[in-house]
Amino acid sequence: MAKYDCSECNGTGVIPCSLEYGEEPHPDNCPVCGGDVNFTFPCPECSGHDDE
């Protein structure tokens with residue numbers, strides 16, 4: 001997997017659910033991830049692409 005120079009996703013190209021629930025796990029009724037701990041979406045900063 002390629003590594004990107006992005007401070008938002010730390011080079012993974014994806015980020016987890018963006019809603020904050022503190023230290024608690026996301027509830028099943030989370031409107032973004034539905035409580036799925038494996039949920040990710042493309043990083044809004046780099047869109048999963050290295051622009052260099």
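On a predicted model such as this, the values are computed, not experimentally measured, just so you know. All values below were derived from every heavy atom in this structure, side-chain atoms included, with hydrogens, water molecules and symmetry-related copies excluded.
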For Ile15, the other hydrophobic cluster members (4.5 Å side-chain criterion, sorted by chain and number) are Leu19, Tyr21, Val32, Phe39, Phe41
Closest non-hydrogen contact found for Cys6 with Cys43 is SG-SG, 3.7 Å
Looking only at heavy atoms, what is the nearest atom pair of Cys30 and Gly35, with distance?
CB-N, 4.1 Å
Could you work out, with side chain to side chain contact (heavy atoms under 4.5 Å, CB included) as the rule, every residue matching Pro42, not counting sequence neighbours?
none
By side chain to side chain contact (heavy atoms under 4.5 Å, CB included), Pro25 pairs with (sequence neighbours left out) none
What's the separation between atom CD in Glu45 and atom OG in Ser7, rounded to the nearest 0.5 Å?
6.5 Å
